[in-house]
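Presented below is the structure to which this report refers.
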Amino acid sequence: MQASRARLFKEYKEVQREKSVDPDIQLVCDDSNIFKWTALIKGPSETPYEGGVFQLAFAIPEQYPLLPPQVRFLTKIFHPNVHFKTGEICLDILKNAWSPAWTLQSVCRAIIALMAHPEPDSPLNCDSGNLLRSGDIRGYQSMARMYTRLAAMPKKG
């Protein structure tokens with residue numbers, strides 16, 4: 001547990017130092033628990049998520065970085081690799097392809113890349129995956145844009 005605390009503290013210091021380097025990611029450590037983090041990530045440009053800000057919750061195991069963090073979307077998102085109700089993310093680096101070389105910041109980067117390049121063949125959201133697999137890109141994009149507007153964009157007025 002000491003090793004994981006030391007690693008998380010090191011990542012915390014790096015995040016503080018590099019806040020301006022990556023404007024698409026804002027990682028925040030819980031004040032009272034270094035094993036709980038949240039992140040705000042910006043939807044990638046030229047995707048239906050553009051203009052949205054999505055909140056992620058990180059639960060970090062005591063064996064980190066030997067085991068991956070559990071990450072889920074708190075913001076509703078229509079995406080084939082994200083469970084619509086729970087926010088669970090299907091991403092290989094969070095499961096069997098994890099490496100201790102990954103950091104919380106690089107996990108956020110990978111999630112942003114997944115948002116831009118969905119994998120419809122391993123869907124957690126079958127409705128979204130089926131739209132893409134059947135070639136209905138327009139249908140998928142309009143649903144994803146609608147949910148981005150409803151859940152991830154600031155309310156006007």
Side-chain angles (χ1 to χ4, degrees), residues 4 7-8 11 14-15 18-19 21-30 35-156:
S4 59
R7 165 69 181 261
L8 286 167
E11 286 192 40
E14 281 173 25
V15 165
E18 295 176 12
K19 270 188 176 152
V21 175
D22 200 340
D24 295 343
I25 300 169
Q26 186 182 345
L27 260 168
V28 180
C29 178
D30 184 290
F35 294 99
K36 293 209 179 304
W37 293 58
T38 55
L40 294 174
I41 58 173
K42 289 185 182 167
S45 59
E46 297 178 30
T47 72
Y49 311 107
E50 184 174 11
V53 176
F54 299 84
Q55 188 175 18
L56 304 171
F58 286 76
I60 293 140
E62 291 183 0
Q63 298 84 354
Y64 181 82
L66 300 177
L67 292 178
Q70 288 182 313
V71 189
R72 65 187 183 91
F73 275 88
L74 294 177
T75 307
K76 286 270 181 248
I77 182 171
F78 187 77
H79 188 284
N81 308 113
V82 180
H83 192 285
F84 190 72
K85 285 194 168 75
T86 66
E88 178 191 348
I89 303 165
C90 181
L91 183 59
D92 60 353
I93 63 152
L94 296 175
K95 309 270 189 292
N96 54 352
W98 174 255
S99 159
W102 287 90
T103 63
L104 302 182
Q105 185 90 4
S106 59
V107 166
C108 289
R109 266 278 136 237
I111 291 169
I112 291 170
L114 181 69
M115 290 169 77
H117 306 284
E119 295 286 341
D121 292 331
S122 62
L124 279 174
N125 178 332
C126 291
D127 293 337
S128 177
N130 288 341
L131 284 171
L132 284 175
R133 281 201 307 265
S134 69
D136 189 356
I137 308 300
R138 209 163 140 204
Y140 158 75
Q141 288 183 334
S142 67
M143 287 292 290
R145 252 192 309 277
M146 179 188 79
Y147 278 104
T148 298
R149 276 201 289 280
L150 288 173
M153 289 184 161
K155 309 284 183 264
K156 297 207 169 50

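Remember, it's a predicted structure, so these values are computed and weren't measured experimentally.
Checking Glu11 against Tyr64 by side-chain atom types alone, a donor-acceptor pair falls below 3.5 Å.
Listed for the Ser4 side chain is a donor-acceptor partner under 3.5 Å among the backbone atoms of Glu62. Between the side chain of Ser134 and the backbone N or O of Leu131 there is at least one donor-acceptor pair closer than 3.5 Å.
Using a 4.5 Å heavy-atom cutoff, the side chains of Leu124 and Asn81 are not in contact. A heavy-atom distance below 4.5 Å is found between the side chains of His79 and Leu114. A heavy-atom distance below 4.5 Å is found between the side chains of Leu104 and Pro69. No side-chain heavy atom of Trp98 sits under 4.5 Å from any side-chain heavy atom of Leu66. Within the 4.5 Å cutoff, side-chain heavy atoms of Leu74 are placed close to those of Arg72. Residues Asp22 and Arg109 have side chains in contact (heavy-atom distance under 4.5 Å, counting atoms from C-beta outward). Leu8 places a side-chain heavy atom less than 4.5 Å from the side chain of Trp37. Considering only heavy atoms from C-beta on, Arg133 comes within 4.5 Å of Asp121 through its side chain.
Taking every heavy atom of both residues into account, Ala110 and Leu91 meet most closely at CB-CD2, 4.1 Å. When all heavy atoms of Pro80 and Pro118 are compared, the closest pair comes out as CG-CB, 3.5 Å. Scanning both residues, Ile25 and Gln105, for their nearest heavy atoms gives CD1-O, 3.9 Å. The two residues Ile112 and Pro44 have their closest heavy-atom pair at O-CG, 3.6 Å. Heavy atoms only, all atoms of each residue included: Gln55 and Thr75 are closest at N-OG1, 2.7 Å. Nearest approach of Val82 to Gly87, heavy atoms of both residues: CG1-O, 3.8 Å.
How far OG1 of Thr103 is from CD of Glu14: 7.0 Å, rounded to the nearest 0.5 Å.
Residue Lys36 places its NZ atom among 12 or fewer non-hydrogen atoms of other residues, nucleotides or ligands, all under 6.0 Å distant. Within 6.0 Å of NZ in Lys85 there are 12 or fewer heavy atoms belonging to other residues, nucleotides or ligands. By the 6.0 Å contact criterion, CD on Gln70 is open, its count of non-hydrogen atoms from other residues, nucleotides or ligands being 12 or less.
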Where do Val71 and Val107 land on the side-chain contact (heavy atoms from CB on, under 4.5 Å) test, with the steps shown first?
CA-CA 9 Å; Val71 189; Val107 166; 4.1 Å; yes
Evaluate side-chain contact (heavy atoms from CB on, under 4.5 Å) for Phe54 paired with Thr148, printing each intermediate quantity in order.
CA-CA 9 Å; Phe54 299 84; Thr148 298; 3.8 Å; yes
The test is side-chain contact (heavy atoms from CB on, under 4.5 Å); show your working for Ile111 and Ile89 and say whether it passes.
CA-CA 8 Å; Ile111 291 169; Ile89 303 165; 3.8 Å; yes
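Tyr140 and Tyr49 have perpendicular rings, their planes meeting at more than 60° on a 0 to 90° scale where under 30° would count as parallel.
For Ala113, the side chain to side chain contact (heavy atoms under 4.5 Å, CB included) test picks out no residue, with sequence neighbours left out. Listed by chain and number, the residues in a salt bridge (charged side-chain N to carboxylate O under 4.0 Å, His left out) with Asp30 amount to none (sequence neighbours excluded).
Phe35 has its ring centre no less than 6.0 Å from the ring centre of Phe58.
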